[in-house]
Amino acid sequence: MNLSVATLVFVAVLGLLGVGLYALLATRNLIKVIVALQILVKGAMLALVLAGRLRNAVQEAQSLALTVIVADTIVAVIGLTLAVQIRQRLGTLDIKALTSLRR
Amino acid sequence: MTLILVAAMILLPWAGALFVWAAGNERPRLQNGLAVTFSVAAGICGLAMLPRAGAEVVLNFPVGGAFGDFTFVADGLGVFLAAVATVIGSLAVIFSVDYMKGEHQLGRYYAMVLFFIGAMVGLVLTSNLLLMFFFWEITALCSYALISFNNDDPKAVAGGMKALIITQLGGIGLLVGALVLYAYTGSYDIQALIANPAIVPAGVLAWMAFGGLAAAAAKSAQFPFQTWLPDAMEAPTPISALIHAATMVNAGVYLLARFYPAFHGVPGWTTAVTLVGLVTALLAALMALVANDLKRVLAYSTVSQLGYMVYAVGVGGIYASQFHLLSHSVFKALLFLSAGAVIHAVGTRDMRQMGGLGKQMPLTRAVFIIGSLALAGIPILNGFWSKELVLEAGLMHGPMWAYVGMLIGAGLTAFYTYRMVTMVFYGSPRSALHGHDAGPAMRVALIPLAFGALTTWLLAGPFSRLLSVESLPMHHIEPENTWVILEEVFSLPTLIALLVVALGLVCWWQRERLAGLGQALKGIGWAAEHSFGFEAVNRAIVGGTQKLGEALRVTQTGWLNWNVFGILAGLVVVLIVVILGGR
Amino acid sequence: MLIWHGLVVAGIVVCAILAIRAQRLLTSALWLAGCSALVAVLLYLMGAAELAVIELSVGAGLVTVLFVFAINIAGEDAASLPSPLPRPLSWVVVLVAVGLLAWRVLPELLPLPWLRVTDSSTFSDWVWGNRMVDLLLQVVLIFAGVLGMMGLLSERKKAGEHEEESA
Amino acid sequence: MREYTALIWLLMTPFLGAALTYLIGRSVARRVGDSSTVNPARWVALLSQLATGVFLYFSAQALWVSGRPFGVTIARLANDVNGILLRFDGISLLLASVVLVLTFLVTLYSVTYMQGEVGEEKYYALLMAMTGMMIGLGCTHDLFNLWVWFEGMAISSYMLVAFYHQSASLEAGIKYLVQSAVGSVFVLLGIALIFLEAGSLNLSAIHMALGSASASPVVWVAGALLLIGFGVKTALVPLHTWLPDAHSQAPSGISAMLSGVVIEAGLVAMLRSLAVLPGMAETWGYLLLGFGALNMLVGNLMALRQTQVKRLLAYSSLAHMGYMLIGFGAAFGFGSQAGAAGGFFHLMIHMLMKGLAFLGVGAFLYTLYVAKGKHGPLMIEDLSGAARRYPLAAFAVSVAVLGLGGLPPLAGFMSKWQIFVAGFATQSPWVIGLVVFAALNSVLSLGYYAPLVNRMYRQQPSALVLQGEKLSVWLALPLVLMTVLVVVLGFWPTLAAGWYETAADSLMRLLSY
């Protein structure tokens with residue numbers, strides 16, 4: 001099997017994806033949930049750049065990924081703000097405390 | 001002129017509904033006045049329309065899209081039912097002036113009644129199947145709103161819900177019919193279908209036919225959907241008279257009669273219709289025998305009489321079925337309204353607490369007995385003639401077993417009618433109830449109906465002309481002279497039928513002696529009291545659905561981890577579908 | 001060449017795993033920064049030099065600062081309690097999802113040659129030119145994000161008016 | 001006005017309005033205090049919505065007159081095909097109109113509802129930004145740009161959901177944020193894979209580039225990722241779990257927006273992106289039909305036993321998304337233009353009905369709770385006898401929920417009918433069965449709508465109702481307008497044909513049947 005760079009980068013994408021998704025299923029800490037989201041988005045961004053690289057459109061892919069970084073940072077900011085607020089209201093970052101909305 | 005009348009019959013009540021609603025509940029007198037004015041105006045239009053029936057399109061709004069042309073055809077069948085709806089509707093409204101005195105939400109009550117009257121007229125006059133479904137559902141909506149008019153009473157709420165759900169379930173049959181018609185012909189034109197049923201493939205026509213039967217059975221409270229009508233008796237009594245005896249429940253029979261030319265060729269359809277009518281007539285009569293609530297007895301008898309009409313359609317007696325519908329509308333509205341007068345006076349519906357009320361309410365007693373005799377089929381009241389015509393049609397064109405069944409039903413009818421009359425008006429008072437006779441507005445409604453119960457049979461001839469080939473070309477009903485029609489009744493089968501009716505009465509008089517027989521039939525009585533298990537089935541279905549809903553709520557865990565798991569699971573499923581079946 | 005790529009990819013995944021496994025939140029944030037830095041390296045190796053710089057400053061820098069801030073305010077909440085999901089179930093569903101992706105996509109990628117970049121356009125051509133709508137939208141995104149954050153942080157002055165109905 | 005000038009201003013005005021709203025509102029708030037009742041932010045927002053409406057009118061006019069979509073490419077050089085194509089077609093028109101109408105009504109409604117809340121100007125500014133994002137979402141013809149608008153819509157809505165800062169609303173906010181972020185990652189991955197296969201992001205170019213070869217497995221995977229990614233926002237079961245929480249905890253105007261247009265915007269994004277993947281429409285159609293059935297069943301069953309009114313309505317949104325999916329499933333799977341028209345028609349009508357329901361229920365929530373400084377969930381029991389004190393609001397809610405249940409003569413019946421007609425016209429037994437199933441579901445849904453109506457028309461008002469505040473004219477005005485629309489469209493459905501038929505036409509062109 002000839003292992004190309006493309007394959008390797010895609011493995012990184014899959015790895016980030018797998019780790020992030022697993023973390024979302026397994027962690028109960030809100031801040032870690034945000035960390036997991038960051039990891040996921042890094043995977044997606046890598047995939048975009050990879051696609052651009054293979055299509056000989058690196059510059060285009062870069063400009064897309066720039067928007068992804070900005071958007072995702074904003075999501076992280078809002079997520080962290082929410083987490084901080086929750087911590088201050090409920091005294092914990094445990095997801096279990098966030099199960100009042102059920103059924 | 002016909003155009004204006006047709007539009008007026010629908011729009012006058014609807015405009016009235018708006019006005020009454022806008023008048024506000026602080027002005028009940030104004031509301032009464034408005035409601036009576038608009039309904040009576042519609043009633044006059046309905047009567048004025050009777051001589052103008054024809055098979056042509058009188059109104060057409062091309063709406064386009066998937067909605068077709070909204071057309072109206074004022075043919076005999078439609079005009080007749082429109083007249084029944086508007087006239088009995090206006091009588092019920094007049095009756096309500098006394099009956100609903102002091103209610104808080106009069107605006108809602110009248111608005112719904114008037115809305116119903118307009119929708120009922122639309123239902124019978126339109127020749128667009130979508131529009132028919134549209135009006136069909138509006139009547140269900142009004143019926144639901146009026147049954148649960150008294151929303152504080154959980155029984156009323158439950159009754160309204162039950163009526164709504166069951167009629168809607170059946171309504172799916174009509175929905176399927178309309179959708180099929182559009183899918184195969186690109187229009188909703190009923191007349192085109194009736195003129196040539198071959199425009200849809202035979203297999204599809206069968207779906208339409210049985211779908212229509214389901215819808216009709218649900219609307220007319222026929223087997224196996226009969227359970228909602230007795231519970232609908234929580235409605236104010238004028239509503240029971242108008243919607244649940246004289247008009248809306250007839251919509252099912254109307255549907256069957258309207259489509260008879262298209263559907264009777266479908267294998268098994270007529271047999272199914274006959275069977276539904278027969279089973280319903282017998283079951284409901286048995287349940288009427290054991291019920292103790294005055295309005296429930298009347299409700300069961302309505303179901304049973306509707307069974308007669310359905311049976312008549314099944315054996316091809318469209319004319320007989322519609323004539324019985326006319327008689328039944330009159331005498332059953334009379335019975336309900338006079339029962340309403342009784343209930344209004346004594347404040348209970350339980351017949352076991354009544355008795356001996358006749359002396360206190362002579363007028364009510366008189367009109368109630370007229371209605372009862374008509375119901376029992378005693379000559380020369382209108383119920384006698386029409387029921388005999390139904391049985392005649394059954395004997396001539398239907399299977400013998402069904403005819404015998406219907407004869408037994410006639411006997412049972414006489415029996416429970418007599419039981420009801422004696423329990424309410426005769427004997428010694430069973431409790432300290434004091435009745436006062438019907439009020440003035442009530443009388444205005446009761447007396448014309450009593451007169452009608454005595455005389456509408458004289459209309460047999462004009463009625464046959466109304467339904468004749470000129471307005472209903474596909475139904476092949478011959479216009480006849482009244483006397484020719486009534487002569488048909490005087491034959492041997494009629495005597496047999498009368499004997500059965502008499503037997504029913506004798507059974508009541510001899511009930512002490514027949515106590516042994518009663519013991520033997522105890523099982524049937526027990527089953528009848530438990531509505532032959534249909535209530536249990538209803539409850540099981542409703543309970544099962546609710547349990548399922550409750551059980552499913554566990555899936556909303558509130559855990560963020562599980563929520564993300566849902567997304568991932570969805571992704572996996574879609575990926576697998578795409579990988580396996582992606583074409 | 002391939003070895004460098006391989007090492008960086010391995011480093012990225014390991015950092016991500018460590019960020020998830022770390023007991024302390026601060027450690028977790030630092031491993032995330034490491035991951036981000038390695039992603040920047042990989043981006044550079046792939047020829048996305050400008051983006052690598054941005055990823056390094058925003059992803060590894062700014063975001064880390066934000067995390068540290070947030071963790072400072074919120075405090076450590078260390079105890080790693082078990083998730084409500086059974087662990088094998090999480091494993092299975094993640095592995096199946098990622099595995100399916102890999103199974104369908106990797107075979108298509110394998111034969112693709114890793115050619116030299118011949119794209120003559122520049123980063124600024126794209127950012128300021130062809131993707132200008134995206135760029136303008138970024139401004140709106142930042143505006144919305146800042147408003148959202150401020151809205152969430154603002155003290156409720158009418159606190160008395162928003163008493164909660166504790167269930 | 002040149003058509004593309006109108007288009008560009010249509011896209012820009014909401015954002016300029018958002019900025020102005022915030023700046024003016026903030027400066028006033030600084031001078032007179034945060035919880036002032038005279039904050040002009042709402043009037044600025046209303047004015048900018050009206051201005052947007054003017055540009056929407058010109059764009060719509062251009063579309064209707066020429067009958068052809070028009071667009072403008074924003075690129076480095078003139079006529080550069082690599083720029084972002086902003087294109088105004090039937091779908092854009094429908095989405096923009098629906099969004100703008102609802103935003104306008106919600107803003108009117110918020111005049112009272114949000115009065116004196118801290119951060120009022122942020123509320124209106126974010127509302128405007130969200131509106132602009134959704135309008136843009138409908139107008140873009142570039143796959144990645146679509147994601148940017150989509151993400152912008154989500155970012156603007158997070159704070160609105162958690163506006164009240166209570167534990168429950170924060171909980172709903174973070175759940176909403178995390179789940180939509182996961183969805184958005186899937187969308188990005190899908191975009192990356194499509195970019196990899198097609199080498200382009202323009203939707204038409206993607207269609208052409210992919211159409212030449214037989215569909216590669218990568219494109220299938222990409223489609224699945226897009227379906228799921230957008231599906232989170234669209235609330236396909238089982239990706240729906242954020243919806244009941246977010247819809248029930250947001251301020252009522254925002255609930256109306258979320259349920260009336262935001263999930264539909266996700267749906268539009270999904271349809272647009274899936275429609276351009278050539279030769280796969282049939283499979284997406286079947287998947288949409290499957291999700292439609294699931295959504296209807298789960299939504300209705302979950303709503304059946306709810307005791308909180310807003311949660312009940314949130315679940316019913318799931319069910320209504322199911323109806324739309326059936327229409328669009330017929331369009332994708334069977335090339336039925338009538339199905340697309342039905343789906344879009346139901347989208348419009350659902351906006352009206354669900355918006356009305358949430359606003360009406362919100363009016364009760366406001367008069368019974370918020371106006372007194374309390375924030376509790378509105379329970380069904382609280383509405384006992386509401387009609388006696390609030391006849392207008394009770395009537396509006398009744399019209400809304402009975403319309404949602406599909407009873408004529410309300411508009412919900414007509415739009416469902418259009419979908420059913422399309423389903424039967426496919427003459428496929430499966431779809432016909434599905435339509436009958438949908439009809440059964442409508443009956444089932446009456447099992448929770450009708451008790452709600454009964455409850456409001458009780459004779460005995462609950463203690464809470466008796467103590468309620470007066471219904472202000474700003475709360476009442478949107479209710480009246482929407483009630484009238486729901487009834488009028490019930491009697492005259494083709495009044496909206498200029499929107500849904502055009503949109504269906506555009507979708508079918510995308511699918512290039």
Side-chain angles (χ1 to χ4, degrees), chain B residues 63-67 104-105 108 119 130 133-135 137-138 140-141 144-145 148-152 157 160-161 164-165 168-169 171-172 175-176 179-180 182-184 542 545-546 548-550 552-553 555-558 560 562-564 566-571 574-575 577-579 581-583, chain D residues 174-175 178-179 182-183 186 215 217 220-221 223-225 227-228 231-232 236 238-239 241-242 244 280 282-283 287 298 301-302 304-305 338 342 388 402 407-409 413-414 417-418 420-422 424-425 427 435-436 439-440 442-444 446-447 450-451 454-455 457-460 493-494 497:
Chain B
V63 176
F67 310 105
H104 288 301
Q105 294 169 330
R108 181 158 63 95
L130 161 63
F133 185 71
F134 189 90
F135 286 120
E137 298 283 279
I138 295 182
L141 171 68
Y144 143 75
S148 46
F149 175 72
N150 181 12
N151 276 311
D152 294 277
V157 171
M161 290 285 304
L164 184 65
I165 300 276
Q168 292 274 312
L169 269 183
I172 292 176
L175 176 116
V176 167
L179 290 172
V180 162
Y182 185 75
Y184 283 88
V542 172
T545 315
Q546 298 216 331
L548 190 60
E550 193 64 44
L552 205 63
R553 290 179 71 186
T555 60
Q556 185 77 9
T557 53
L560 189 53
W562 276 112
N563 294 357
V564 176
I567 299 178
L568 260 182
L571 178 67
V574 171
L575 277 176
V577 167
V578 158
I579 287 167
R583 293 283 167 281
Chain D
I174 191 98
K175 283 180 183 168
V178 171
Q179 295 183 54
V182 172
F186 287 154
W220 280 111
V221 170
L225 285 166
L227 177 68
I228 292 296
V232 173
L236 306 180
L239 330 172
T241 40
W242 62 273
M280 306 175 168
E282 208 177 316
T283 306
L287 275 168
V298 172
L301 283 177
M302 294 289 280
L304 199 58
R305 304 290 291 165
R388 297 216 48 196
L402 292 177
L407 285 181
F413 170 77
M414 285 304 186
W417 184 269
Q418 171 94 45
F420 292 175
V421 164
F424 264 71
Q427 300 193 0
V435 168
V436 173
L440 278 170
S442 285
V443 178
L444 174 59
L446 288 172
N454 285 328
R455 181 63 71 161
Y457 282 96
R458 284 199 170 192
Q459 306 266 2
Q460 287 301 323
T494 42

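First the proteins, then the strands, lettered A, B, ... as listed; each starts at 1.
Of the listed residues (B:L179, B:N150, B:L560), the one with the most heavy-atom contacts under 4.5 Å to chain D is B:L179. Of all the listed residues (D:I228, D:L407, D:L402, D:V232), the one sharing the greatest number of non-hydrogen pairs under 4.5 Å with chain B is D:I228. With chain D as partner, the option from B:G558, B:A140, B:A119, B:G171 having the largest number of non-hydrogen pairs under 4.5 angstrom is B:G558. Options B:N563, B:L568, B:I165 differ in how many heavy-atom pairs under 4.5 Å they form with chain D, and the most are formed by B:N563.
When all heavy atoms of D:N454 and B:N151 are compared, the pair lying nearest together is OD1-OD1, 2.9 Å. When every heavy atom of B:Q105 is checked against every heavy atom of D:Q459, the shortest pair comes out as OE1-NE2, 3.7 Å. Smallest separation of non-hydrogen atoms from D:Q418 and D:G342: CG-CA, 3.1 Å.
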**Asked** For B:V578 and D:V221, what are the C-alpha separation, side-chain angles and deciding distance, and is it a side-chain contact (heavy atoms from CB on, under 4.5 Å)?
**Response** CA-CA 7 Å; B:V578 158; D:V221 170; 5.9 Å; no

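Using a 4.5 Å cut-off between heavy atoms, B:L169 touches chain D through backbone and side chain atoms alike. Residue B:I172 touches chain D through its side chain alone, counting heavy-atom pairs closer than 4.5 Å. With a threshold of 4.5 angstrom between heavy atoms, B:T545 approaches chain D through its backbone and through its side chain. If you measure heavy-atom distances from D:L440 to chain B, the contacts under 4.5 Å come from both the backbone and the side chain. Heavy atoms closer than 4.5 Å to chain D are found in the side chain of B:Y144, but not in its backbone. For B:V542, no part lies near chain D; criterion is any non-hydrogen pair under 4.5 Å. Proximity to chain D (any heavy atom under 4.5 Å) is restricted, for B:Y182, to the side chain, taken from C-beta onward.
In this view, B:L548 and D:L301 satisfy the side chain to side chain contact (heavy atoms under 4.5 Å, CB included) rule, not counting sequence neighbours.
Taking the six-membered ring where the residue is Trp, the centroids of B:F134 and D:W417 are separated by 6.0 Å or more. Aromatic pair D:F420/D:F413: centroids not less than 6.0 angstrom apart.
Under 3.5 Å, the side chains of D:T241 and B:Q556 contain no donor-acceptor pair of N or O atoms.
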